[in-house]
Amino acid sequence: MMKKYLTWGAFLLSGILFAGTSLYAAYRGFFCGFIYSGFGLIQATLTSFIFILPCAYAYFKISNSKYKAIRLSSCMCLILYLLMLSIVLFGLRYSFEGIQPIGLKTYVQYNSNLQPFYTISQNIASNNEMAIMGNVILFVPLGFLAPLVCRRIDSYPQMAIFLLASITLVEVLQIVTRLGSFDVDDIILNFIGGMAGYFLVRQSGVIRLLNKTEQ
């Protein structure tokens, strides 16, 4: 009985610490900039990630199911990833520049690109391939983790619809909040990255194993 209580205590404590350090990372990212010194954004993020392991292990002991533990750890990783994504796409710009004090119509006019491959060709012409790769890599974790958390995403068409909806929503939020731009090339590159992540997790067989076990 004591062992059971200790396991539950470890599970709850690691979950609370995960939530606390994640919120602190969000505070650092949105209000203090990309800080390396002291206990800043990077350190808080790494600490949050470390707490996933004891939390998942304690849950494995409680549920006696490694598959449920995988679901839980995937969910925590997805939460942390979405937090970091929001900091990268919104937080850093807000912490350094704030919301642009201009009308939304004017902002949209100067910060939108609806011509496919225009920004990509501009980056290639200026030898800025890192920007292209960054946009692809940025959404690989979403394609990898989302199907591990949500059982309904179990095919390429479903993943494609989920990615297009999610990425388009992000682009719209960036332009509406005036903390970024709406670029159709970002949607293309992010979509490629997300589908690559889904391809990797599907090829690994983890999705098939999880769904088969939980049926």
Side-chain angles (χ1 to χ4, degrees), residues 1-96 134 137-153 159 162-163 166-167 169-170 173-174 177 179 190 193-194 197-198 200-201 204 206-207 209-211 213-214:
M1 185 64 69
M2 180 60 69
K3 187 176 181 180
K4 182 179 180 180
Y5 286 140
L6 289 175
T7 305
W8 270 105
F11 172 70
L12 293 174
L13 179 61
S14 54
I16 292 171
L17 290 173
F18 169 80
T21 50
S22 297
L23 290 173
Y24 181 78
Y27 165 74
R28 280 297 203 180
F30 276 89
F31 299 104
C32 303
F34 203 80
I35 297 176
Y36 294 89
S37 59
F39 192 68
L41 174 61
I42 299 296
Q43 294 87 344
T45 304
L46 292 175
T47 304
S48 297
F49 184 78
I50 290 171
F51 286 133
I52 294 175
L53 299 177
C55 189
Y57 181 74
Y59 187 69
F60 163 66
K61 289 295 186 180
I62 293 169
S63 64
N64 198 29
S65 172
K66 63 180 179 181
Y67 303 107
K68 290 183 178 180
I70 291 173
R71 289 279 189 197
L72 176 66
S73 58
S74 299
C75 185
M76 295 177 74
C77 286
L78 181 61
I79 291 172
L80 191 57
Y81 161 74
L82 292 176
L83 175 63
M84 292 301 102
L85 184 68
S86 66
I87 291 173
V88 170
L89 297 179
F90 301 97
L92 297 181
R93 189 159 184 170
Y94 178 78
S95 64
F96 288 122
I137 295 171
L138 194 61
F139 275 77
V140 170
L142 181 62
F144 190 94
L145 293 170
L148 295 179
V149 175
C150 182
R151 293 181 59 183
R152 293 186 177 183
I153 305 175
M159 190 69 218
F162 169 76
L163 283 173
S166 301
I167 296 167
L169 176 62
V170 169
L173 286 175
Q174 282 187 302
T177 58
L179 291 172
N190 295 161
Y198 182 68
L200 291 174
V201 73
S204 70
V206 177
I207 299 176
L209 182 63
L210 286 175
N211 291 342
T213 305
E214 294 175 354

Shortest non-hydrogen contact from Val201 toward Gly143
CG1-O, 4.1 Å

Are the side chains of Thr47 and Tyr24 in contact, using a 4.5 Å heavy-atom criterion?
no

Heavy atoms only: give me the nearest Thr21-Ser48 pair and the separation to one decimal.
OG1-OG, 2.6 Å

Rounded to the nearest 0.5 Å, what separation is found between the CD1 atom of Ile50 and the CG atom of Leu17?
11.5 Å

At what distance, to the nearest 0.5 angstrom, does CG of Leu85 lie from CG of Asn190?
8.5 Å

May I have the step-by-step check of side-chain contact (heavy atoms from CB on, under 4.5 Å) for Leu89 and Gln174, ending in yes or no?
CA-CA 8 Å; Leu89 297 179; Gln174 282 187 302; 3.9 Å; yes

How close do Leu83 and Ala26 get, heavy atom to heavy atom, and via which atoms?
CD1-CB, 3.4 Å

To the nearest 0.5 Å, how far apart are SG in Cys55 and CD1 in Ile16?
10.0 Å

Could you check Arg71 against Arg151 for side-chain contact (heavy atoms from CB on, under 4.5 Å), going step by step and ending with a plain yes or no?
CA-CA 10 Å; Arg71 289 279 189 197; Arg151 293 181 59 183; 3.1 Å; yes

I need the minimum non-hydrogen distance between Phe30 and Ser86, along with the two atoms involved.
CZ-O, 3.8 Å

Closest non-hydrogen atom pair between Phe139 and Ile167, with its separation
CE2-CG1, 3.8 Å

Ser166 side-chain N/O to Leu163 backbone N/O, donor-acceptor pair under 3.5 Å
no

Is atom CZ of Phe49 surrounded by more than 12 heavy atoms (other residues, nucleotides or ligands) closer than 6.0 Å?
no

List the steps and the verdict of side-chain contact (heavy atoms from CB on, under 4.5 Å) for Tyr67 and Phe60.
CA-CA 8 Å; Tyr67 303 107; Phe60 163 66; over 6 Å; no

Rounding to 0.5 Å, atoms OG1 (Thr7) and OH (Tyr59) come to a distance of 13.5 Å

Over 60° means perpendicular and under 30° means parallel, so tell me whether Phe11 and Trp8 are parallel, tilted or perpendicular.
perpendicular

Applying side-chain contact (heavy atoms from CB on, under 4.5 Å) to Leu148 and Val206, what does each step give before you reach the verdict?
CA-CA 8 Å; Leu148 295 179; Val206 177; 3.6 Å; yes

For the student: nearest non-hydrogen atoms of Ile52 and Cys77, plus distance
CD1-SG, 3.7 Å

Any side-chain heavy-atom pair of Ser22 and Leu80 under 4.5 Å:
yes

Heavy-atom side-chain contact between Leu142 and Phe162 under 4.5 Å
yes

